[in-house]
Amino acid sequence: QQQQQQQQQQQPVSSTAAASQSQATALGERAWANTTERVSAELFSMTYGGLVNHLVQEQNSSNPHLTMYERMMTVNSQLEGIGVRIGQRIIDEYLAKSNAVSTVGGGIDPCRN
């Protein structure tokens, strides 16, 4: 009998979590439905490759005293910083489109970068 009571108590929690997750999924799908611009994979790879190539050439010419490893680590840190800023902007855009800030609790500040 105790097991049945425990199962009954757990069911609303799991069904509430599932409902919350499905609501969040539906909210995300509505926010991005047919509004996101798509870029071809070829354009993306060429653009990203050009950016990486530019950063590598810039490091080679401006820091010839560094070893190849140090220059590549610098390029990797620059690429990581770019990726973080892009991710922050994507999250900000999602929150703005989905009005998720008010549902999360209003404590989320937009990224400052």
Requested in this report: I would like to know whether Met73 and Glu70 meet side chain to side chain contact (heavy atoms under 4.5 Å, CB included); could you show each step before the answer?
Outcome: CA-CA 5 Å; Met73 291 302 291; Glu70 292 170 327; 5.6 Å; no
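Here the OG1-CD distance, from Thr74 to Glu58, works out to 11.0 Å after rounding to the nearest 0.5 Å. Atom NE2 of His54 is separated from atom CG of Leu51 by 8.0 Å, given to the nearest 0.5 angstrom. A distance of 10.0 Å separates CG in Leu66 from CG in Asn60, rounded to the nearest 0.5 Å.
Ser61 and Pro64 make their closest contact through O-CD, 3.8 Å (heavy atoms, listed as atom of the first residue, atom of the second, distance). For the residue pair Gln78 and Leu55, the shortest heavy atom distance occurs at OE1-CD2, 3.5 Å. Across all non-hydrogen atoms, the minimal contact from Leu43 to Thr47 is O-OG1, 2.7 Å.
With sequence neighbours excluded, the residues forming a side-chain contact (heavy atoms from CB on, under 4.5 Å) with Val52 are Tyr48, Val56, Leu79, listed by chain and number.
For Met46, the CE atom sits in a loose shell: 12 or fewer heavy atoms of surrounding residues, nucleotides or ligands are nearer than 6.0 Å.
Considering only heavy atoms from C-beta on, His65 comes within 4.5 Å of Asn63 through its side chain.
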